[in-house]
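Just below is one structure, and these are the notes that go with it.
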Amino acid sequence: MMALSRETLVSALLLVLLVAIPVAATMAGEPFYVTLATRIAILALAAVGLNIALGLGGLVSFGHAAFFGLGGYVAGIFATHAFNGEPLPFGIAATTSMPVIWLSAMALCGLVALPIGAISLRTSGVYFIMITLAFAQMIYYFAVSWPSYGGEDGLSIYVRNGFPGLNTAQPLPYFLLCLGVLMAGLALFQLIKGSRFGTALEASRQNPTRLAAVGIAPFGIRLVAFAVSAMVTGLAGALFADLNRFVSPSMLSWHMSGELIVLIILGGKGRLFGPLAGAMVYVLFEYALGGITERWQFFLGLILLGVVLFARGGLLGLLAGKARHG
């Protein structure tokens, strides 16, 4: 109970800090820090998606950038067609409504994840990693060679997609919207983790043979988890594109997949607020050291090495102790 209370306290402090910084920045007339906090919330959401597959199911996917980028391109393509007053391919009506764009991004990512997962999950270990990476790179090179939507130069978004009742062009309302979506993503993760499906998913990671022996097919459990994971990451990609008003193939690159894995390892694999802790450390290092040296990743790598060697539960494990199960 003590460890659980400590983790709850640490998680609450992280959340309070995430909210307090942009509110204080808005009062001080410093919108840049609001944008920084919004970036943290969006990257944390993307890592929450991967944490469903990696943290609960043990699926080390090096291809989740594909879903992050696809979500971004859905937002960018909808906004571009709406700005130009043109329908999308196949006669689909363009819109700047965020709920419609989010649902479209999640649906597309789920549909793409099903065949990718169906093929990749027939392997394990390093083979699974390499197959997911290969699929992501295929989608990356498709985006690079797609001149209709910017090709390797990317696609600028000239309008800010809207959400009912909010002025999403203002930094603070958009942060609060992203924070709300992040909280929904965290609630989904906790719901999955505490459900019978989540128990079966964790069992498929620990001992798939024993799970199959009791009549539950590990393949189906993992495939559903992989698709849900992709949908959450795709939603984060749509938010990221709106934040930057730009989407490019870099969102689809293997570097992005690596960043998401780093966020989870830094914060704590399988932990509810692990992705948030990892995102905060990553973005703060990027901001604080990025202006000093282009090799700021070297220092982040040293911290990552220390976490892997001495804090196997990530930063949350270091601060809150071992996770309690059951």
Side-chain angles (χ1 to χ4, degrees), residues 10-11 13-51 64-65 68-69 72 154 157 160 168-179 181-183 185-186 233 236-248 250-251 253-268 273-308 311 314-316 318-319:
V10 170
S11 300
L13 287 174
L14 289 175
L15 192 58
V16 168
L17 186 61
L18 179 64
V19 175
I21 289 175
V23 171
T26 300
M27 294 175 65
E30 296 286 349
F32 170 75
Y33 295 102
V34 182
T35 301
L36 210 63
T38 307
R39 179 179 168 85
I40 291 173
I42 294 172
L43 289 178
L45 177 64
V48 167
L50 179 56
N51 206 24
H64 261 56
F68 189 72
I157 300 175
R160 173 59 65 87
T168 57
Q170 295 296 319
L172 186 60
Y174 190 66
F175 163 75
L176 294 174
L177 178 62
C178 293
L179 178 65
V181 178
L182 171 61
M183 296 307 297
L186 291 170
T233 302
L239 291 170
F240 195 74
D242 263 322
L243 172 67
N244 297 318
R245 299 196 182 185
F246 181 75
V247 57
S248 74
S250 63
M251 290 179 64
S253 74
W254 64 271
H255 300 89
M256 190 70 232
S257 294
E259 286 181 19
L260 296 180
I261 293 176
V262 166
L263 298 185
I264 292 174
I265 295 174
L266 276 177
F273 278 84
L276 177 57
M280 292 180 79
V281 171
Y282 183 88
V283 173
L284 290 177
F285 258 77
E286 182 183 35
Y287 166 68
L289 297 180
I292 301 174
T293 173
E294 294 180 356
R295 297 174 177 84
W296 63 271
Q297 293 98 333
F298 171 79
F299 301 99
L300 181 67
L302 291 178
I303 291 181
L304 182 62
L305 182 62
V307 167
V308 171
L315 296 176
L316 278 186
L318 186 65
L319 296 173

Smallest heavy-atom separation, G314 atom then V307 atom, equals CA-CG1, 3.8 Å

Check: residues 31-39 side-chain donor-acceptor pairs under 3.5 Å, at least two apart:
{"from": "Y33", "atom 1": "OH", "to": "Y287", "atom 2": "OH", "distance (Å)": "3.0"}
{"from": "T35", "atom 1": "OG1", "to": "P31", "atom 2": "O", "distance (Å)": "3.4"}
{"from": "T38", "atom 1": "OG1", "to": "V34", "atom 2": "O", "distance (Å)": "2.8"}
{"from": "R39", "atom 1": "NE", "to": "E286", "atom 2": "OE1", "distance (Å)": "3.2"}
{"from": "R39", "atom 1": "NH2", "to": "E286", "atom 2": "OE1", "distance (Å)": "3.1"}
{"from": "R39", "atom 1": "NH2", "to": "E286", "atom 2": "OE2", "distance (Å)": "3.3"}

Value for CE (M27) from CG (L172), rounded to nearest 0.5 Å, stands at 11.0 Å

Would you check if L276 and I40 make a side-chain contact, meaning some heavy-atom pair closer than 4.5 Å? yes

W296 atom CH2, over 12 foreign heavy atoms within 6.0 Å: yes

Side chains of I261 and H64, heavy atoms from C-beta outward: is any pair under 4.5 Å? no

Are side-chain heavy atoms of L266 and L300 found at a separation under 4.5 Å? yes

Nearest-0.5 Å distance that lies between atom CE in M280 and atom CG in L17: 4.0 Å

Name the atoms and distances for all side-chain donor-acceptor pairs under 3.5 Å in residues 237-245, with sequence neighbours left out.
{"from": "D242", "atom 1": "OD1", "to": "N161", "atom 2": "ND2", "distance (Å)": "3.0"}
{"from": "D242", "atom 1": "OD2", "to": "N161", "atom 2": "ND2", "distance (Å)": "3.1"}
{"from": "N244", "atom 1": "ND2", "to": "F240", "atom 2": "O", "distance (Å)": "3.3"}

Determine, stepwise, if the pair L15 / L179 fulfils side chain to side chain contact (heavy atoms under 4.5 Å, CB included). CA-CA 10 Å; L15 192 58; L179 178 65; 4.1 Å; yes

Distance check, rounded to the nearest 0.5 Å: L50 atom CG versus I264 atom CD1? 3.5 Å

Run through I265, V281, V10 and flag the one making a side chain to side chain contact (heavy atoms under 4.5 Å, CB included) with L315. V281

Where do L316 and A277 come nearest, in terms of heavy atoms and distance? CG-CB, 4.4 Å

F175 side chain near L18 side chain, heavy-atom distance below 4.5 Å: yes

Nearest atoms (heavy-atom pairs only) where A46 meets L260: CB-CD2, 3.7 Å

Looking at N51, L45, V48, which hits side chain to side chain contact (heavy atoms under 4.5 Å, CB included) with L186? V48

Identify the heavy atoms of A65 and M256 that sit nearest to each other, and give their distance. CB-CB, 3.6 Å

Can you list everything that forms a side chain to side chain contact (heavy atoms under 4.5 Å, CB included) with L13? Sequence neighbours excluded, please. L9

